[in-house]
Every structure is written in structure tokens, then in C-alpha cells.
S.K.: 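This is the structure I have questions about; it appears just below.
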Amino acid sequence: QVQLVESGGGLVQAGGSLRLSCVASGLTFSNYDMGWFRQAPGKERVFVATIRRSGDTPYYADSVKGRFTISRDNAKRTVYLQMNNLKPEDTAVYYCAAKLSFIITMTPSGYDYWGQGTQVTVSS
């Protein structure tokens, strides 16, 4: 059974930082591209960042470019999202996701497995 478990969310003031982690089990982690998405209350789930299975070629949403960094450690079956200079508009539930396909996509439907999410709240 595939499981993706996120951690690292919390409450932080604007300008602060958080590091999210997502540990995968039940799949061959190095065969999957990984992504981070977020969903604010009353809004759709949107793309944040993705990284290829080899660890190269990260892609970011324009809204987080220059502030967020996605990385992965295949030996630990973990993907990270370092979030710096957080803004109130970054407040959302953050989800990690895995996809087997080599096709680069920023749409949630392109991902095969999802975690339960971790709440990030940024106060002004």
C-alpha cells in the first residue's frame, strides 16, 4: 500500500520559513517524479513545485519562484519543500504527490498518489 506522509507544517509569521517533508512508502521512490500542491480554503488545489525522479529539473509556480525550493533524497524516500519569506497568501494545506509518468505536468490529475496534507498558516 502506497503511503505519502507530510510533516513540517505549522504557524509562522510573515517573512518566516518552514521546511516540509514527505516520506514515501510502498513504492519505488526513485521511479517517481514528486510534486507539492496546495489548497486554500474554498479554492482549488494548485501546483507549487515538482522535481524529477533523478533530482534535477525542478519546476515552480510563479507565485513561489525564488522563495521555495524543492529537493529530494532518494535514499531516504523523502521529498522536501523549503519555504522562505512566507506570505499570508501562502496559507493552505500542502500536499505531496507522486507520479510514475515521465510527462511533466502541473495538474493534480496527472499524479497517481497523494498524501493527507499538512497545514501551513502564515500570519501577517
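A quick note: this is a predicted structure, and the numbers were derived from the prediction, not measured.
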S.K.: Once rounded to the nearest 0.5 Å, what's the spacing between atom OH of Y32 and atom OH of Y113?
M.R.: 4.5 Å

S.K.: Start with the C-alpha distance between L27 and D112, add both sets of side-chain angles, then the distance that settles side-chain contact (heavy atoms from CB on, under 4.5 Å), and finish with yes or no.
M.R.: CA-CA 11 Å; L27 52 75; D112 304 302; over 6 Å; no

S.K.: Taking all atoms of both residues into account, what is the closest heavy-atom pair of G35 and Y111, and its distance?
M.R.: N-CE2, 3.8 Å

S.K.: Shortest non-hydrogen contact from R52 to F102?
M.R.: NH2-O, 2.9 Å

S.K.: Is there side-chain contact between R38 and S63, with heavy atoms separated by less than 4.5 Å?
M.R.: yes

S.K.: Is there a donor-acceptor pair under 3.5 Å between the side chain of R67 and the backbone N or O of N85?
M.R.: yes

S.K.: With disulfide bond (SG atoms under 2.5 Å apart) as the rule and sequence neighbours excluded, what pairs involving residues 37-124 come up?
M.R.: C22-C96

S.K.: Over all heavy atoms of both residues, which pair between Y95 and G115 is shortest? Give the atoms and the distance, please.
M.R.: CD2-O, 3.5 Å

S.K.: Does CD belonging to Q119 count more than 12 external heavy atoms closer than 6.0 Å?
M.R.: yes

S.K.: Look at D90 together with K87 and state whether they make a salt bridge at an N to O cut-off of under 4.0 Å.
M.R.: no

S.K.: Against V12, only a single residue in T91, V122, T121 fulfils side-chain contact (heavy atoms from CB on, under 4.5 Å); can you say which?
M.R.: V122

S.K.: Check each of V64, V48, I51 against I70 using the side-chain contact (heavy atoms from CB on, under 4.5 Å) test, and report the only one that passes.
M.R.: I51

S.K.: If you look at every heavy atom in F68 and Y60, which pair is closest and at what distance?
M.R.: O-CE2, 3.2 Å

S.K.: Let me confirm one number: the CZ-OG1 distance from R45 to T107, rounded to the nearest 0.5 Å.
M.R.: 12.5 Å

S.K.: Taking the side chain as everything from C-beta on, heavy atoms only, tell me whether E6 gets closer than 4.5 Å to Y94.
M.R.: no

S.K.: Closest approach of A24 and L4, non-hydrogen atoms and distance?
M.R.: CB-CD2, 3.4 Å

S.K.: With sequence neighbours left out, write down each residue that passes salt bridge (charged side-chain N to carboxylate O under 4.0 Å, His left out) with R53, or none if nothing qualifies.
M.R.: D33

S.K.: Just by distance, do the side chain of S21 and the backbone of Y80 share a donor-acceptor pair under 3.5 Å?
M.R.: no

S.K.: Would you find a donor on one side and an acceptor on the other, under 3.5 Å apart, between the side chain of R72 and the backbone of S54?
M.R.: no

S.K.: Specify the closest pair of heavy atoms between P88 and S124, including all atoms of both residues, with the distance to one decimal.
M.R.: CG-CB, 3.8 Å

